[in-house]
K.L.:
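Could you have a look at this structure, given as structure tokens, before my questions?
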Amino acid sequence: MRLFDTLSRQTRELRPLDGRTFRFYCCGPTVYGPAHIGNFRTFVLQDVLRRALEIGGMETLHVRNITDVDDKTIRDSRAAGVPLAEFTAGWTARFHADCARLGLLAPHVEPGAVAHIPHQIEMVQALLDRGHAYRSDDGSVYFRLASFPGYGRLSRLDQRELELGRTQATRANADEYAKDSLSDFVLWKARRAEDGEAAWDSPWGPGRPGWHLECSAMTRAYLGPDFDLHSGGVDLVFPHHENEIAQSVCACGGSFAAHWFHVAHLMVDGGKMAKSLGNLYTLDDLSARGWSPMETRHVLLGGHYRKPLNFTFDSLRAAREALGRLAEGEAALRRAAGIETSGAPAHGSLCGVPVGGGFEAAWQALEDDLNTPAALGEMFKALKRAGTASGADAAAAWRGLHAMLAALGLVLPDRAAAVEPVAPPAVRALAERRQQARAARDWAAADTLRDELAALGWTVRDAKDGYELIPR
RNA sequence: GGCGGAGUAGCCAAGUGGCCCAAGGCGACGGUUUGCAAAACCGUUAUUCGCGGGUUCGAAUCCCGCCUCCGCCUCCA
């Protein structure tokens, strides 16, 4: 697997530092509301990265945090009149439900910030001890940027630019007088009245961790000072990831993440997504409009992760059709190969086995900087080529297709499950009457009955012997 | 203002020096099939890659200028 690295600006081969397990960290959600499809673009791509590594035969250790204490969670839990822990637990459950619907593999470790306050305090103390941090009068602790010359390498900002941007930002927000330098950032925030109960004891008085510190402490706890990869949305490059590097390197030594993976933003109708524009969709919003999470996942895989992707309802329609074609191709291969079961091959049987059966190019596209759109394109080409295969060839193609589906995390719609059994008796009776009319060559009556079925939401699909009823 | 990313057919999108008169999906159109449809299958659908220059034997791909969109510039995936 070759992947672009934000820090070195190069596409590099991914190899586990310890030679065995690829250990990576993903910045997870802040649980103060439902995640939107833009958030999920990042999580889906992190999931595909892990799946592709595993299909490629690599062992992984996937850590993704839950940010359950910060300004927004505190603000909104207080507004709701609910204790912080209860408030974030609700949104965490919702996040997990959404992830499951999208077919995201659960991380091996999913640490929460609140559960790791001692780790964070320990890290702040280490930074103080080593002279990289200082206390302010109100009991907050700040990172001293001047003590870390490597700052700004990831986001390519030099000190002068930082100070410049800083001055502009501070004009509107004159709340930062406690710092020595304008660009210093907070490690530990002293408790303020508006924090309510959300405060923990520390050597510097009651307070709570700064957002950046949470991730640093959790990576240290589960991955140590050096690990394989760190990832998130592009907007986290600065300041979040830049600050994480500074904190972790200064507190623990080591070089922190060996590789940085950032996913570009999702746009809607060619513009940015924003609540105020009414185009910020959650999975539930799309479900309410009749679109399934898998269709959404297909849309999110439809563009390369380093380019902005334009989300439209037309692309959801296209995704629905494309998934249907894949499902039909899968069924055709299964029949041609004489495979009895309707399920996919066991996941374990696909890992570490070269992808074949005509799907080699699709796999190569994925291995080449996680090019999901090119991989999907190659899958359709392979499917077309395999159209006339039979026996062992069809079986190999079937396995190749399933290896790709497993790597992309796509679950195909089961069209067979959606037919007759679920049609209500009244609908089936209409369909039967139509069959009789057809047998009697009474086309006018048959067409009227077909219209009636359509009005009830059912499409009738005639076959050689009989018919199928398709909902919607 | 600084830094970074993007602009490819009706839509989504791959391709970053010759394999490109540009993949794939959707849509549209034509055909096979069908009582007619639907579904399926087959075929067609950009001599051209935001605009204008330039480099090169050769450019969507490199350089210069311009236009448009998006992101970041202290807590937004």
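Letters go in sequence order (proteins before strands), and every chain restarts at 1.
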K.L.:
Using atom P of each nucleotide, how far apart are B:G43 and B:G24 to the nearest Å?
P.N.:
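Roughly 11 Å separates the two P atoms.
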K.L.:
Please give, in whole Å, the distance from B:A77 C1' to A:Phe40 CZ?
P.N.:
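So the two atoms are 10 Å apart, to the nearest Å.
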K.L.:
Specify the separation, in whole Å, of atom CG of A:Leu316 and atom P of B:G27.
P.N.:
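For the pair A:Leu316 CG and B:G27 P, the rounded distance is 14 Å.
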K.L.:
Rounding to a whole Å, what distance do you find between A:Asp451:CG and B:C36:C1'?
P.N.:
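Atom CG in A:Asp451 sits about 12 Å away from atom C1' in B:C36.
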K.L.:
A:His212 and ring-ring contact (aromatic ring centres under 6.0 Å, His included): which single residue from A:Phe238, A:Tyr142, A:Phe185, A:Phe143 fits?
P.N.:
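Among A:Phe238, A:Tyr142, A:Phe185, A:Phe143, the one meeting ring-ring contact (aromatic ring centres under 6.0 Å, His included) with A:His212 is A:Phe185.
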K.L.:
Can you check the A:Lys384 NZ to B:G24 P distance for me, whole Å?
P.N.:
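Result: 7 Å.
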K.L.:
Please measure how far the P atom in B:A38 lies from the corresponding atom in B:U34, and state the result in whole Å.
P.N.:
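Per the computed distance, 14 Å lies between those P atoms.
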K.L.:
Restricting to non-hydrogen atoms, name the atom on A:Ala319 and the atom on A:His298 that form the minimum distance, rounded to 0.1 Å.
P.N.:
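Result for this residue pair: CB-ND1, 3.5 Å.
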K.L.:
Applying ring-ring contact (aromatic ring centres under 6.0 Å, His included) between A:Phe256 and each of A:Phe227, A:Phe148, A:Tyr25, report the one that passes.
P.N.:
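Result for ring-ring contact (aromatic ring centres under 6.0 Å, His included) with A:Phe256: A:Phe227.
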K.L.:
Are the charged groups of A:Arg51 and A:Asp47 less than 4.0 angstrom apart, N to O?
P.N.:
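So A:Arg51 pairs with A:Asp47 through a salt bridge.
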K.L.:
Just the rounded figure in Å: distance from C1' of B:G35 to CG of A:Asp442.
P.N.:
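Whole-Å distance recorded here is 11 Å.
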K.L.:
State which of B:C26, B:C70, B:A77 makes the closest approach to the side chain of A:Arg325.
P.N.:
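Side chain of A:Arg325 sits closest to B:C26.
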K.L.:
Which residues pass the side-chain hydrogen bond (donor to acceptor under 3.5 Å, both in side chains) test with A:Ser231, sequence neighbours left out?
P.N.:
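Once residues adjacent in sequence are excluded, the partners of A:Ser231 under the side-chain hydrogen bond (donor to acceptor under 3.5 Å, both in side chains) criterion are A:Gln46.
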K.L.:
For RNA chain B, whose closest nucleotide is more 5', that of A:Arg438 or that of A:Ala322?
P.N.:
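Counting from the 5' end, the first nearest nucleotide belongs to A:Ala322.
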K.L.:
By nearest atom, which of the nucleotides B:C70, B:A77, B:G25 is closest to the A:Phe380 side chain?
P.N.:
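My answer, after comparing the listed nucleotides, is B:G25.
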K.L.:
Round to a whole Å and report the spacing from CD of A:Glu328 to C1' of B:A40.
P.N.:
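Rounded to whole Å, this separation is 7 Å.
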K.L.:
Return the polar atom pairs (N/O with N/O) between nucleotides 11-14 of chain B and the protein under 3.5 Å, or none.
P.N.:
residue: B:C12; atom: OP1; partner: A:Asn310; partner atom: ND2; Å: 3.0
residue: B:A13; atom: OP1; partner: A:Asn310; partner atom: N; Å: 2.9
residue: B:A14; atom: OP1; partner: A:His304; partner atom: N; Å: 2.7
residue: B:A14; atom: OP2; partner: A:Lys307; partner atom: NZ; Å: 3.4
residue: B:A14; atom: O3'; partner: A:Asn371; partner atom: ND2; Å: 3.0

K.L.:
Does the pair A:Arg434/A:Asp451 count as a salt bridge with the N-to-O cut at 4.0 Å?
P.N.:
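Judged by the 4.0 Å cut-off on N to carboxylate O distance, A:Arg434 and A:Asp451 do not form a salt bridge.
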K.L.:
Round to the nearest Å and state the distance from A:Leu154 atom CG to B:G71 atom P.
P.N.:
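For the pair A:Leu154 CG and B:G71 P, the rounded distance is 20 Å.
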K.L.:
Would you write out the dot-bracket form of RNA chain B, 5' to 3', with Watson-Crick and G-U pairs under 3.5 Å, [ ] for crossing pairs, | for pairs to other strands and . for unpaired bases?
P.N.:
((((((((.[[[..)..(.....]]]((((((.......))))))....[[[[[..)....]]]]])))))))....
K.L.:
Could you tell me whether A:Asp184 and A:Arg144 make a salt bridge, using a distance below 4.0 angstrom between a side-chain N and a carboxylate O?
P.N.:
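Judged by the 4.0 Å cut-off on N to carboxylate O distance, A:Asp184 and A:Arg144 do not form a salt bridge.
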K.L.:
Using atom P of each nucleotide, how far apart are B:A23 and B:G65 to the nearest Å?
P.N.:
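These two P atoms come out 32 Å apart once rounded.
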K.L.:
If I pick the C1' atom on B:U44 and the same atom on B:A9, what distance separates them, to the nearest angstrom?
P.N.:
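The answer is 14 Å between these two C1' atoms.
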K.L.:
Do A:Asp462 and B:A37 have a side chain to base donor-acceptor pair shorter than 3.5 Å?
P.N.:
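Yes.
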K.L.:
Looking for any heavy atom pair under 4.0 Å, which part of the strands does A:Arg434 touch: base, sugar-phosphate only, or nothing?
P.N.:
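Base contact.
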K.L.:
Rounding to the closest angstrom, what is the interatomic distance between B:U8 and B:A59 at atom C1'?
P.N.:
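Straight-line distance between the two C1' atoms is 14 Å.
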K.L.:
Atom CG of A:Leu323 and atom P of B:G24: how far apart are they, to the nearest Å?
P.N.:
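For the pair A:Leu323 CG and B:G24 P, the rounded distance is 18 Å.
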K.L.:
Do the side chains of A:Asp369 and A:Arg12 get close enough for a salt bridge, i.e. N-O under 4.0 angstrom?
P.N.:
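A:Arg12 and A:Asp369: not salt-bridged.
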K.L.:
Rounding to the closest angstrom, what is the interatomic distance between B:G50 and B:A14 at atom P?
P.N.:
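Here B:G50 and B:A14 have their P atoms 14 Å from each other.
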K.L.:
Look at the side chain of A:Asp447 and decide which nucleotide, out of B:G24, B:A77, B:C36, has an atom nearest to it.
P.N.:
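Nearest nucleotide to the side chain: B:C36.
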K.L.:
Report which part of the nucleic acid A:Arg9 touches: base, sugar-phosphate, or nothing (heavy-atom distance under 4.0 Å, all strands).
P.N.:
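Touches sugar-phosphate only.
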K.L.:
Expressed in whole Å, how much space separates the P atoms belonging to B:A13 and B:A6?
P.N.:
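Taking atom P in both B:A13 and B:A6, they lie 13 Å apart.
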K.L.:
Nearest to the side chain of A:Thr459 - B:C26, B:A38, B:U74?
P.N.:
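The listed nucleotide nearest to A:Thr459's side chain is B:A38.
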K.L.:
I'd like to know if A:Arg101 and A:Asp284 make a salt bridge, using a cut-off of under 4.0 Å between side-chain N and carboxylate O.
P.N.:
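Salt bridge present between A:Arg101 and A:Asp284.
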K.L.:
Reckon A:Arg306 has a side-chain N or O less than 4.0 Å from the OP1 or OP2 of B:A6?
P.N.:
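Result: no.
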K.L.:
Quick one: label A:His265 by what it contacts on the DNA or RNA (base, sugar-phosphate, nothing), any heavy atom closer than 4.0 Å.
P.N.:
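The residue A:His265 makes base contact.
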K.L.:
Examine A:Phe261 together with A:Tyr305 and report whether their ring centres are nearer than 6.0 Å.
P.N.:
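They qualify: ring centres under 6.0 Å apart.
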K.L.:
Is A:Arg450 side chain donor-acceptor paired with the B:A38 base, going by distance under 3.5 Å alone?
P.N.:
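A donor-acceptor contact between them is absent.
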K.L.:
Taking the basic N atoms (NZ, or NE/NH1/NH2) and the acidic carboxylate oxygens, is any pair closer than 4.0 Å for A:Arg192 and A:Asp138?
P.N.:
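Here A:Arg192 does not pair with A:Asp138 in a salt bridge, since their nearest N and O are not under 4.0 Å apart.
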K.L.:
Looking only at atom C1', what distance separates B:G15 and B:G25, rounded to whole Å?
P.N.:
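Between the two C1' atoms, the distance is 16 Å.
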